[in-house]
Amino acid sequence: MTAELPYYVARGDEVAVFLHAHRRQIPVLLKGPTGCGKTRLVEHMAARLSVPLYTVPCHDDLTASDLVGRYLIKEGETVWIDGPLTRAVRHGGICYLDEVVEARKDTIVVVHPLSDDRRQLFIERTGETLHAPAGFQLVISFNPGYQNTMKSLKPSTRQRFVALEFDWPPPEQEAEIVAHESGLDARMARQLVHLAHKIRPLKDEGLEEVPSTRTLVLAGRMIVAGTAPQRAA
């Protein structure tokens with residue numbers, strides 16, 4: 001029996017573009033606000049393609065060694081332990097660098113030889129040069145709305161990727177997602193989505209944070225658990 005794919009509602013041609021990029025061994029860049037479905041798309045596509053998924057949440061302290069690997073002491077011996085990027089290159093699969101602009105710029109340079117025609121990973125500590133198999137794909141994501149002059153994606157990195165831009169789903173589609181993911185009834189899901197679509201334009205007037213689709217799902221789960229709707233919202 002075929003395992004059920006992670007739930008994802010396409011809002012355009014992103015699934016087809018992702019498939020084409022994977023077949024042609026082209027890395028993919030996902031751009032859009034936090035909580036709009038970027039990670040879920042990657043999970044859906046990894047399952048659809050039947051390939052392993054190695055997800056790396058990027059942060060300020062992420063080093064190249066965190067991606068590539070390092071020597072560690074194990075049972076009294078020094079052994080090399082592959083990082084998630086190296087495991088994906090060795091065995092095939094999708095390596096997903098989530099919110100990539102949060103990582104240090106000297107760390108991101110490591111992926112450059114993997115994201116062009118070379119498709120190579122050089123491991124300085126071991127002297128290895130790994131050639132990515134056909135099933136390997138690099139995927140990165142970031143939220144353009146959180147960028148500033150100190151945290152932006154360099155053109156030399158950005159231009160190596162096929163870019164897919166995301167925004168909030170249309171109201172009816174978002175209500176369907178909220179209802180499915182939370183177990184909330186359709187009427188209440190539509191009300192939550194209606195509230196979110198009233199709040200989101202306020203971001204342009206200085207509101208620091210607006211409700212994401214993920215936030216609506218969490219609110220829906222709280223309502224299903226017995227929390228009063230106003231309190232959950």
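The basis for the numbers below is simple: all heavy atoms, side chains too, and nothing from hydrogens, waters or symmetry mates.
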Q.
Salt bridge or not between Glu174 and Arg190? Use side-chain N to carboxylate O under 4.0 Å.
A. no

Q. Under a 4.0 Å N-O cut-off, is there an ion pair linking Lys38 with Glu165?
A.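 Answer for the salt bridge query: no.
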
What is the distance from atom [atom1] of [X] to atom [atom2] of [Y], rounded to the nearest 0.5 Å?
X      : Y      : atom1 : atom2 : result
Leu192 : His197 : CG    : NE2   : 11.0 Å
Phe161 : Asp116 : CZ    : CG    : 10.0 Å
Leu97  : Leu29  : CG    : CG    : 11.0 Å
Leu195 : Gln191 : CG    : CD    : 9.5 Å
Asn143 : Cys36  : CG    : SG    : 8.0 Å
Cys95  : Leu53  : SG    : CG    : 8.5 Å

Q. According to the interplanar angle, ranging from 0 to 90°, do the rings of Tyr7 and His180 count as parallel (below 30°), tilted (30 to 60°) or perpendicular (above 60°)?
A. parallel

If you compare all heavy atoms of [X] against all heavy atoms of [Y], which two are closest, and at what distance to 0.1 Å?
X      : Y      : result
Val56  : Pro84  : CG2-CG, 3.6 Å
Ser115 : Arg160 : OG-CD, 3.0 Å
Arg214 : Thr34  : NH1-CG2, 3.5 Å
Glu128 : Phe122 : O-CD1, 3.3 Å
Glu14  : Arg11  : OE2-N, 2.9 Å
Asp61  : Asp66  : O-OD2, 3.6 Å

Q: Verify the neighbour count for atom CG of Asp117: are there more than 12 heavy atoms of other residues, nucleotides or ligands below 6.0 Å?
A: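 12 or below, so no.
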
Just wondering, do [Y] and [X] contact through their side chains at under 4.5 Å, heavy atoms?
X     : Y      : value
Leu41 : Met45  : yes
His91 : Pro52  : no
Phe18 : Val139 : yes

Q: Given side chain to side chain donor-acceptor pair (under 3.5 Å), test Tyr96 with Gln137 step by step and report yes or no.
A: CA-CA 9 Å; Tyr96 175 44; Gln137 186 175 26; over 6 Å; no

**Q.** Verdict with supporting geometry, Val28 and Leu138, side-chain contact (heavy atoms from CB on, under 4.5 Å)
**A.** CA-CA 7 Å; Val28 172; Leu138 182 65; over 6 Å; no

**Q.** Name of the residue among Arg90, Arg87, Arg70 meeting side-chain hydrogen bond (donor to acceptor under 3.5 Å, both in side chains) with Asp82
**A.** Arg90

Hey, does the side chain of [X] reach the backbone of [Y] with a donor-acceptor pair shorter than 3.5 angstrom?
X      : Y      : value
Asp185 : Met188 : yes
Glu181 : Leu216 : no
Ser182 : Val217 : no

Q) How far apart are the C-alpha atoms of Val193 and Val178, what are their side-chain angles, what is the distance that settles it, and do they pass the side-chain contact (heavy atoms from CB on, under 4.5 Å) test? A) CA-CA 8 Å; Val193 169; Val178 172; 4.1 Å; yes

Q) side chain to side chain donor-acceptor pair (under 3.5 Å) between His112 and Ser156: does it pass, once the steps are laid out? A) CA-CA 9 Å; His112 280 190; Ser156 60; 4.5 Å; no

Q. Just checking, Arg200 and Trp168: is the charged tip under 6.0 Å from the six-membered ring centre and within 45° of the axis?
A. yes

Q | Full working for side-chain contact (heavy atoms from CB on, under 4.5 Å) between Leu85 and Leu114 | A | CA-CA 10 Å; Leu85 180 61; Leu114 281 170; 3.7 Å; yes

**Q.** Candidate pair Phe166 and Leu164, rule side-chain contact (heavy atoms from CB on, under 4.5 Å), full reasoning
**A.** CA-CA 7 Å; Phe166 285 73; Leu164 288 171; 3.9 Å; yes

